[in-house]
Amino acid sequence: MDAHRRLLAESDSDIFSHIRAEEQRQTDGLELIPSENYTYPEVLAALGSVLTNKYSERYPGRRYYGGQEHTDAIETIARERAKALFRAEHANVQPLSGSPMNQAVYFAFLQPGDTILAMDLSHGGHLTHGAPVSHMGKVFNFVRYKTEADGSIDFDKMRALALEHRPRMVLAGHSSYPRDLDYAAFQRIADEVEALSFADVSHVGGLIAADCLANPLDAGFDVMTTTTHKSLRGPRGGLILCKAEHAKAIDASVFPGLQGGPHMNQVTASAITFRKAATEEFRAYSQQVLVNARVLADELSNAGAQLITGGTNNHLMVIDTIRSFGLDGRRAEQVLDRIGITTNKQVIPDDPLPPLRPSGVRLGTPACTTRGMKEGDMRLLAGWMDEALRSPDDESLLDRLGEQVRAHCRQFPVPGIGAE
Ligand code: DSN
């Protein structure tokens with residue numbers, strides 16, 4: 001045990017025992033929540049470093065407080081790495097996470113009451129894309145586009161909405177949509193109505209960095225945001241990338257508009273993440289994330305599961321558990337939890353059921369791929385899930401499946417969790 005852990009174990013055994021138990025849970029369990037991942041040991045080291053002590057309001061070379069020679073250097077490296085990684089003209093690495101990052105973008109360009117065209121929440125959009133329960137939904141006027149029955153987006157319908165409502169911003173982005181987006185089609189609509197184009201690629205940021213999925217900035221988008229912890233594998237955090245002409249507005253909106261001092265330990269960890277994401281190794285990892293998702297989706301479909309849009313071509317999929325197994329998403333999540341597979345309940349398009357007991361579950365492959373799982377593991381996994389969801393009350397079957405999941409997972413170490 002290293003010195004810091006020993007100190008924590010001795011000084012606060014209550015908390016330390018929970019950290020140890022969570023490490024055991026992460027080791028023994030199969031993590032399929034598509035927004036989660038296992039970060040790098042180097043990121044954990046940076047997050048736990050003394051950079052957490054420093055206040056660094058404003059930007060490198062223009063801070064309010066003294067003592068910034070190292071924070072300036074680190075933030076500059078982080079910005080330059082992010083720009084190179086995503087082929088962006090400007091990067092702001094200070095957003096504390098996904099929600100503040102998107103709020104900063106809205107407030108950089110819009111006035112309260114302005115109209116934003118965004119994906120409907122139940123069709124895959126995100127809370128921060130103006131769900132009525134979110135503050136943003138109260139401040140701005142969100143108009144919604146939806147997906148078609150086959151999961152595609154009908155751009156003629158979206159164009160008609162844009163011409164009717166004249167949004168000031170067109171937003172492409174999702175948190176539970178299993179398909180890539182045609183960013184050029186979004187851009188054409190934004191151009192026609194003279195709106196800003198904004199892509200929130202939080203879920204697929206790593207896959208875009210690895211050039212495995214299309215980059216909205218290549219299609220001419222004004223602004224793109226991504227969280228840094230999902231497919232990118234970094235610390236919890238947010239990143240805003242934009243055209244040079246928007247740099248001033250974005251930076252002022254993050255600070256002093258929305259946030260105080262950035263978390264410099266997080267910025268440091270992001271810099272480390274961006275360097276790793278530029279490697280061949282990360283590209284191979286990202287390709288495997290996509291292959292694993294496709295195999296898992298195919299296997300589940302072959303076993304009779306009904307997947308929203310019929311499958312996936314990114315890292316995630318949504319099972320309609322009502323139609324597939326006669327279980328609502330909450331019950332399906334519980335059954336899978338019972339055998340050590342972690343998923344999340346998920347609304348499906350125009351879900352007739354409420355959000356806390358919706359019709360589906362959402363799965364994704366970034367985390368299990370980080371542990372080194374491949375196609376054969378996806379086949380096993382699909383079989384275990386199918387068995388459990390077809391016999392949710394068979395306790396001895398669930399015990400046996402739980403043992404199999406645990407034994408399998410223990411063959412794949414979790415980065416950052418060592419034996420002690
Ligand atoms: N909570 C994240 C997700 O699961 O998609 C997004 O905020």
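Read the numbers this way: they start at 1 and go in the same order the structure lists the ligands and their atoms.
- Note: Tyr64 and Phe255 have perpendicular aromatic rings, judged against thresholds of 30 and 60 degrees for the angle between ring planes.
- Nearest non-hydrogen protein atom to atom 1 (N) of ligand 1 is Ser35 OG, 4.5 Å.
- Remark: Gln334 CD is packed, more than 12 non-hydrogen atoms of other residues, nucleotides or ligands lying under 6.0 Å away.
- Atoms of ligand 1 found under 4.0 Å from any heavy atom of Ser175, numbered from 1 in the order shown, are 5 (O).
- For Glu42, the salt bridge (Lys or Arg N to Asp or Glu O under 4.0 Å) partners are Lys276, not counting sequence neighbours.
- Remark: side-chain polar atoms of Asn37 are not paired, donor with acceptor, to backbone N or O of Leu232 under 3.5 angstrom.
- Distances below 4.0 Å separate heavy atoms of His126 from the following atoms of ligand 1: 6 (C), 7 (O).
- Backbone and side-chain nitrogen or oxygen atoms of Arg362 are examined, and one is located within less than 3.5 angstrom of a nitrogen or oxygen of ligand 1.
- Distances shorter than 4.0 angstrom occur between a heavy atom of His203 and an atom of ligand 1.
- Residue His229 does not touch ligand 1, judged by heavy-atom distances below 4.0 Å.
- If you take NZ on Lys83 and SG on Cys242, they are separated by 10.0 Å, rounding to the nearest 0.5 Å.
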